[in-house]
Amino acid sequence: MKKSDQKTTTDAALFAATTTPDLGIPYGSCLLEDSPDPCMIVVIGASGDLTARKLMPALYNLYLKDALPDPFVIVGCSRSDFSDEGFREKMGVSLREKGAMDESKWESFASRLFYRSIQYDDPSSFSALARNLNELDMRYHTAGNRLFYLAIPPFLYETIARALGEAGLSAGTGENEPWSRVVVEKPFGSDLETAVALNRTLHSHFQEKQVFRIDHYLAKETVQNILMFRFANAVFEPVWNRTYIGSVSIISAETLGVEHRAGYYEQAGVLRDMFQNHMMQLLALIAMETPSRFEADQVRDEKVKVYRALRPFPVDNINDFIVLGQYGLGTIDNHEVPGYRDEPGVDPHSLTPTYAKMKVFIDNWRWQGVPFYLTSGKRLARKVTEISIQLKEVPHSMFRNVLGEHITANRLILGIYPDEKISLTFQTKNPGAKVCLRSVTMDFYYRQNYTGPVLDAYEKVLLDCMLGDHMLFWRQDGVELCWSFLTPILQSCESCANLPDMLRIYESGSWGPPSDADPTTEVAHS
Ligand code: NDP
């Protein structure tokens, strides 16, 4: 069935979709808004890990949900030598290994998969690719629309952007002509200077509206829900400021170690891996002002204002604002795990931080004086991502004679992983004649009363790239402002003089460096 036909059945199918997730998803339902234009998805670096583990499963799932364009073609490119058949086989194997294979539709999906071997630094290779793509376009009627996904190591982004541009593959803004878009994976540079250079090269060949800088974190349902929760309810916004909120804690903890990514992680460390992107996005969603409309540029404008208002780190007394750690030997899920320096591919004397906690302030009227604690680390006690909004105590306790001066303050938790929930903790009277208070919690579980299909984060971002919706993607100014904020911290932390003193080894399976090493104070983990 063509997507245009499906649109006519929207209302009836919307309800069907909640009970029949295997039938494909109607456009116009909560899951999908529009049908993407016919297009070709060209994955550069297709022999790699990201393609096998994330991109191909996401594309196949979109296909199963009838959410890919009609028609579509996927072309994998990298230096490795595969035939079309060999590439289909490799993708099939990884989907099966991942347990993500529905055999019934694989053959028809695989018939739209192709592979072209390219040399990244050879212009003639990209000219040949351009001819190949034109042929596939003609054969499969993909209308000349192309999405180039850079699934290659970051040092190749500029080389590929240039090669695409010089081969004429970057032309096409989509206005009265086919579109060409480029998707760039994080990290977007490794500091301000490299980020500016990368943006300059991208912009030599693509306009900003053709560029999609992915942060798949933003596509998680519960992360998107932060905006809905804040701006579609009248009850919380009046207290969402320094008058009522004492502190905000954003934590993203993993139990995993560096796994097979030591080559990348040794260079990046936790500040580049987590803070420049995911943590900054969560911070902006919590702190931003209300956009006047739910449109990509209006939302991104408000986020950028938050980044502009970040108080620069006082590099002279940086230790009062940041704690850095590196995991040592310890126990996770009852298994002994090695310390970071004993992981394969890691320098035995490595000073790469795998944990950071920082206290940041936002210099504007809403947030003046409210500390935001951002914490992220590997090999911590529990895999959890949540935002905890600690409200202030009541200004005056009328119960002071019986209960003392302090009454436990309210806390709002926005759980992103593993609990996708919103919890509000408040005080109530304990039953009985005596005046006793107790803390109780009201929980909303995000998937409560919902059994229908959902889009995983990579499915959502891929779909949005095809639709040309920038809402969940980084804009150039946001990237550069975050690097402006973080680069002095990185320079200070990474200077040989400071780092050995700053870096504290913590036991794997703990919550990071011991608290007596922590000059910041924070909201406790829930
Ligand atoms: P890989 O290291 O698997 O590299 C992808 C492909 O690039 C390889 O298959 C190889 O293809 C080519 N390649 C690798 N190293 C080199 C090199 N030194 N010189 C030339 N070509 C090289 O990367 P991933 O798939 O893991 O990641 C791709 C991008 O996505 C990266 O930017 C990464 O930061 C980002 N990312 C990855 C995530 C993941 O889970 N893997 C998660 C989030 C972001 P060939 O030799 O065939 O040309």
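By convention here, the first residue in the shown sequence is residue 1. For ligands, and for the atoms within them, numbers begin at 1 and follow the listed sequence.
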Flag the pair [X] / [Y] as yes when their ring centroid distance falls below 6.0 Å, and as no otherwise.
X	Y	answer
Tyr60	Trp106	yes
Tyr355	Tyr506	yes
Phe485	Phe313	yes
Tyr120	Phe155	no

Exercise. Taking distance alone, with no angle check, do Thr51 and ligand 1 share an N/O pair under 3.5 Å?
Worked result: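 It does not: no N or O of Thr51 is found under 3.5 Å from an N or O of ligand 1.
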Exercise. When only distance counts, is Phe155 in polar contact with ligand 1, meaning an N/O pair under 3.5 Å?
Worked result: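 It does not: no N or O of Phe155 is found under 3.5 Å from an N or O of ligand 1.
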Quick one: nearest non-hydrogen protein atom to [atom], plus distance?
atom	answer
atom 34 (O) of ligand 1	Lys186 O, 3.1 Å
atom 47 (O) of ligand 1	Ser80 OG, 2.5 Å
atom 26 (O) of ligand 1	Asp49 CB, 3.5 Å
atom 29 (C) of ligand 1	Ile152 O, 3.4 Å
atom 24 (P) of ligand 1	Leu50 N, 3.8 Å
atom 5 (C) of ligand 1	Ala151 O, 3.4 Å
atom 44 (C) of ligand 1	Glu185 OE1, 3.2 Å

For this session: Using the six-membered ring wherever Trp is involved, compare the ring planes of Phe109 and Tyr63 and label them parallel, tilted or perpendicular (cut-offs 30° and 60°).
Result: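 Aromatic pair Phe109/Tyr63 classed tilted.
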For this session: On the 0 to 90° scale, with breaks at 30° and 60°, tag the His470-Phe473 ring pair as parallel, tilted or perpendicular.
Result: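 Because their plane-to-plane angle is over 60°, the rings of His470 and Phe473 count as perpendicular.
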Problem set entry | Residue pairs passing the ring pair (Phe, Tyr, Trp, His ring centres under 6.0 Å) test where at least one lies in residues 83-105, sequence neighbours excluded |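 Of all non-adjacent pairs touching residues 83-105, those that pass ring pair (Phe, Tyr, Trp, His ring centres under 6.0 Å) are Phe87-Tyr115.
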Quick one: which ligand 1 atoms are inside 4.0 Å of a heavy atom on [X]?
X	value
Pro154	32 (O)
Arg53	39 (C), 40 (O), 41 (N)
Pro187	34 (O)
Leu156	20 (C), 21 (N)
Pro153	4 (O), 7 (O), 13 (N), 14 (C), 15 (N), 16 (C)

For this session: Only counting residues at least two apart or in another chain, list the ones meeting salt bridge (Lys or Arg N to Asp or Glu O under 4.0 Å) with Lys186.
Result: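 Salt bridge (Lys or Arg N to Asp or Glu O under 4.0 Å) list for Lys186, sorted by chain: Asp273.
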Out of [options], who gets a non-hydrogen atom closest to [atom]?
atom	options	value
atom 10 (C) of ligand 1	Ser78, Gly48, Ser47, Cys77	Ser47
atom 46 (O) of ligand 1	Arg79, Arg261, Gln119	Arg79
atom 12 (C) of ligand 1	Phe82, Tyr120, Tyr217	Tyr120

Problem set entry | Mode of Tyr157 contact toward ligand 1 - side chain, backbone, both, neither (heavy atoms, under 4.0 Å) |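 It is the side chain that touches ligand 1; the backbone stays farther off.
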Exercise. At a non-hydrogen distance cut-off of under 4.0 Å, which region of Tyr264 contacts ligand 1 (side chain, backbone, both, or neither)?
Worked result: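 The answer is neither.
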Exercise. Would you call Lys460 and Asp456 a salt bridge, using N to O less than 4.0 angstrom?
Worked result: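 Answer for the salt bridge query: no.
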Exercise. Any ion pair linking Arg261 and Asp49 (charged N to carboxylate O, less than 4.0 Å)?
Worked result: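 No salt bridge links Asp49 with Arg261.
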Problem set entry | Donor-acceptor side-chain pairing of Glu266 and Ser350 below 3.5 angstrom |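 There is such a pair between these side chains.
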Exercise. Is NZ or CZ of Arg131 both nearer than 6.0 Å to the six-membered ring centre of Phe126 and within 45° of the ring axis?
Worked result: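 No.
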